[in-house]
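Everything below concerns the one structure shown next.
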Amino acid sequence: MEMGGVKSLGYNLWMTLTIDLVWYDDIFIEKVVARIYQVKQALEYVYRVENSQCTGGTEEVLNLAFNNSVWSVYTEPAIRTANFLTEVILENGNLLSLTDEILFTLVRNNIHGGDVIFGSAIAVETSVTQYDSFCPYAYKKNGTVYAHDIAINYNYKSVSTEWYQILKVRNWDNITRTIDKVRYRSGNTLLPSRDLIKVLAKLEDGHWTKPYFDCGGGDIWMVTYSSPLFYYNVTTESLDFKGVATIDIELTNIDINQCDPDESEAGALDVFRGTHSCMPSTQCVFEAGLGFKRGAYKCVCKAGYYFPDVQADIKYFSGIEIERLYAENNTVVMETMRCKACAAGCDTCVDASPCLYQSQLALRLPVLILTIITVVLIVVVACITYNFRFEMAIKTGSPIFLLIMCTGSMLMCTKMFITFPDANDALCILEQWLFHTGFVLMYGALLLKTWRISIIFRVGRLKRVYLPDKVLLQRMIPLLAVAVAYLAAWTASDWPKVTTRKTINKLKFQVCVEGWWSYGMQGAEAIMLLAGVYLCFTVRKAPAHFNESKHITWSTYNAIILGTFLVIVIHFISNTNSGPDYVYLIYFLQVQVFVTITSALIFTPKFYALYKNTEVRDIDNESLPTITRTVTGREKVNVLKVINAKSNCKTVSTQTEEKPIAPVEWVGKTPSQISIHLPGRNRVHPTPSTLSPYTAEAQAHNKN
């Protein structure tokens, strides 16, 4: 605390630690920028003071308000010393009853109690001691305690001495006062009790100085806490200021942390937080042990960046060097102290090596082209089906359901277009919606067609069955509605999300996560296919136009066997580190199994019949010839076929609203009266059992 007098460098850097957190608008940003600039100027000031010539004094003040509460535990020696001396002054009016040795002992004892306390002093007003100015001061240096009266060479009563003048001019009307009752001793007898006025200075009654440089004393930066001494004037009932007792906290060994604020415990020098000069690609890491000087940090690369010199042993930039360049305004060299960005997708890296898996276009592009060709062929099939919808080869297969199958096929093919780019949440959701909706449309149509054949085959021989396309469409709507409701619930509750996986070479790629909702949908589709397998089993012997039931059976078996196998393969590969290209290839095989093979089995026989112009066969009597010969050589006619032909009725497969009606010339006649004329052949009479189902309908028809 050698106080001399070196001309101040003139920095007026006053600011407070506490900055109100206002909205992040332009004003707030300006305040933050101004704060950082001022504190960095203060650090520059610290550097210049330490490296300049000085002759003694404490006028080099760092005008920053610090969080002094962390040093409160060290103020007790100063407060107790001040209260002790105040009590002596109250008793005697001065300190003449105390020798110089006692006062020096007090300040020396104050600094033996803790390593942080650098010095301690007692400074008093005139007439308190035998000297006009008296300030015994003790301080530690290299482990040794030194003490002397600094009032010999320093005027501590100067108005520029903050640690003394601030308390001298303060109003003390509200200082704590108590009355102690004391009984002194005289020989072996206690004297009567006396009331002694006690004036107690507390922590809040003292004053912390701003940091200043003790030039000529310890040549260090320090901060001082002063506790006041008083004399109570009984006549005026007022307190008179009589001096201070102080302790000095050395800042030399207290590190300046310039890194950004974090969740760590607050320190006294947090005012310097956020004043580092690290480049944006780096982050500040505090380095302890450098003391009260700037640059006590290092700039290390942030996550996602790597040190430009990959061969360097020390992979960070020195804060001391950066602060020096900042002071020199050497922005050119500072720009080189940046880390380089890692390759795309890298969380951390040591060089520019890639972290993302690069898709193999040589594999994906041909698959995509084949998918486009498949979609084009499906469109062509749909156009042909619609154009020839009145031809018996198409009409017997229900054109509306054939077109629904084409629509479902195209929706399932969109899976290849959606999974071609990198996965994201939106594409994952879209993929599930389109693929599963297409699956329900395609195989739902097949299922309903097979169900109709099964009903006709099992029930149609006992009674007339009427199941036109309109009725089947009504059963198709609930099936599709259930699928859409399930997909909507899936999307609303836990939609498919993207996750990151790595290949064997640690290259990352994005895939869609399939959870329990996906397994539930696949299970429902498997149940639908198993139901189709059962229906196919029931119609295995059923006659049908162009063997359609047989082709539907093959399609269903293909989907349940190959499709299930590929679903298992997809789940297995997706949970390994095989890479997305192999998954994409399996997706293509899955689409080919569900779409291409099924479509080929259903449509190829129909288009072949169109090409050959094949006539439709009657599914009800296809096993019976139109004309047979008896053992006598007489020709016999299948009358039901003739009835269907003459009445121009539709077969059960086409299921129109027309009912078979017997020819008009047969109405009201017995079977023996009916004859069928065949060119060049004998007359054949139909049997009564053959005509009876239609006679009543024919009569009703004629009456109408």
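These numbers come from the heavy atoms of this one structure, side chains and all, not from hydrogens, waters or symmetry mates.
Between L566 and F588, every side-chain heavy-atom pair lies at or beyond the 4.5 Å cut-off. Taking the side chain as every heavy atom from C-beta outward, K315 and V300 never approach each other to under 4.5 Å. In this structure, the side chains of P580 and Y357 come closer than 4.5 Å at one or more pairs of heavy atoms. For the pair M412 and L434, the minimum side-chain heavy-atom distance is 4.5 Å or more. In this structure, the side chains of W433 and T491 come closer than 4.5 Å at one or more pairs of heavy atoms. Contact of the T596 side chain with the V591 side chain is not registered, since no non-hydrogen atoms from C-beta on lie closer than 4.5 Å. At least one side-chain heavy atom of P280 sits under 4.5 Å from a side-chain heavy atom of R338. Contact of the L507 side chain with the L356 side chain is not registered, since no non-hydrogen atoms from C-beta on lie closer than 4.5 Å.
To the nearest 0.5 Å, the span separating CG on L480 from CG on L473 amounts to 11.5 Å. Rounding to the nearest 0.5 Å gives a distance of 7.5 Å between CG of L447 and OG1 of T556. Separating the CG atom in L430 from the CD1 atom in I418 is a distance of 4.0 Å, to the nearest 0.5 Å. How far CG of L402 is from CD1 of I602: 8.0 Å, rounded to the nearest 0.5 Å. Rounded to the nearest 0.5 angstrom, L446 CG and M528 CE are separated by 10.5 Å. To the nearest 0.5 Å, atoms CG (L441) and CG (L403) are separated by 12.0 Å.
Taking all atoms of both residues into account, the shortest heavy-atom contact from S599 to M442 is OG-CE, 3.6 Å. Contact record, P308 with C339: CD-CA, 4.1 Å, taken as the closest heavy-atom pair. The shortest non-hydrogen separation linking G444 to L479 is CA-CD2, 3.8 Å. Pairing each heavy atom of S555 with each of Y443, the nearest pair is O-CE2, 4.4 Å. Minimum interatomic distance between Y306 and C301 (heavy atoms only, all atoms of both residues): C-SG, 3.5 Å. Annotation for I394 and K606: closest pair CD1-CB, 4.0 Å, computed over non-hydrogen atoms.
With sequence neighbours excluded, no residue forms a salt bridge (Lys or Arg N to Asp or Glu O under 4.0 Å) with E525. For K340, the salt bridge (Lys or Arg N to Asp or Glu O under 4.0 Å) criterion is met by no residue, not counting sequence neighbours.
Listed by first then second residue, pairs satisfying side chain to side chain donor-acceptor pair (under 3.5 Å) with a partner in residues 410-427 read K415-E431, not counting sequence neighbours. Counting only residues at least two apart or in different chains, salt bridge (charged side-chain N to carboxylate O under 4.0 Å, His left out) contacts with residues 360-370 comprise R364-D581. Here disulfide (SG to SG under 2.5 Å) pairs that include residues 377-445, with residues two or more places apart or in two chains, are C428-C512.
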request  = Step by step, work out the side-chain contact (heavy atoms from CB on, under 4.5 Å) result for V482 and Y486.
outcome  = CA-CA 6 Å; V482 170; Y486 186 90; 5.5 Å; no
task = With side-chain contact (heavy atoms from CB on, under 4.5 Å) as the test, would you mind laying out the steps for I384 and F607 before giving the verdict?
result = CA-CA 9 Å; I384 295 174; F607 290 170; 3.6 Å; yes
task = Could you check F420 against S359 for side-chain contact (heavy atoms from CB on, under 4.5 Å), going step by step and ending with a plain yes or no?
result = CA-CA 9 Å; F420 185 82; S359 298; over 6 Å; no
Test side-chain contact (heavy atoms from CB on, under 4.5 Å) applied to Q432 and W490, step by step = CA-CA 10 Å; Q432 300 298 334; W490 182 2; 3.4 Å; yes
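For the cysteine pair C349 and C355, the distance separating the two SG atoms is not below 2.5 Å.
By the 4.0 Å N-to-carboxylate-O rule, R452 lies close enough to D469 to be salt-bridged with it.
For the pair T604 (side chain) and A600 (backbone), a donor-acceptor distance under 3.5 Å is present. Judged purely by atom type and a 3.5 angstrom limit, T282 has no side-chain atom pairing as donor or acceptor with the backbone of C299.
None of V595, I404, V381 except one satisfies the side chain to side chain contact (heavy atoms under 4.5 Å, CB included) rule with S409; the exception is V595.
Around atom CD of Q474, more than 12 heavy atoms belonging to other residues, nucleotides or ligands sit under 6.0 Å away.
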For residues 370-380, which side-chain N or O atoms pair as donor and acceptor with protein atoms under 3.5 Å away, sequence neighbours left out?
unit_1, atom_1, unit_2, atom_2, d
T371, OG1, V367, O, 2.9
T374, OG1, L370, O, 2.8

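Aromatic rings from Y557 and W554 are positioned such that their centres are separated by 6.0 Å or more.
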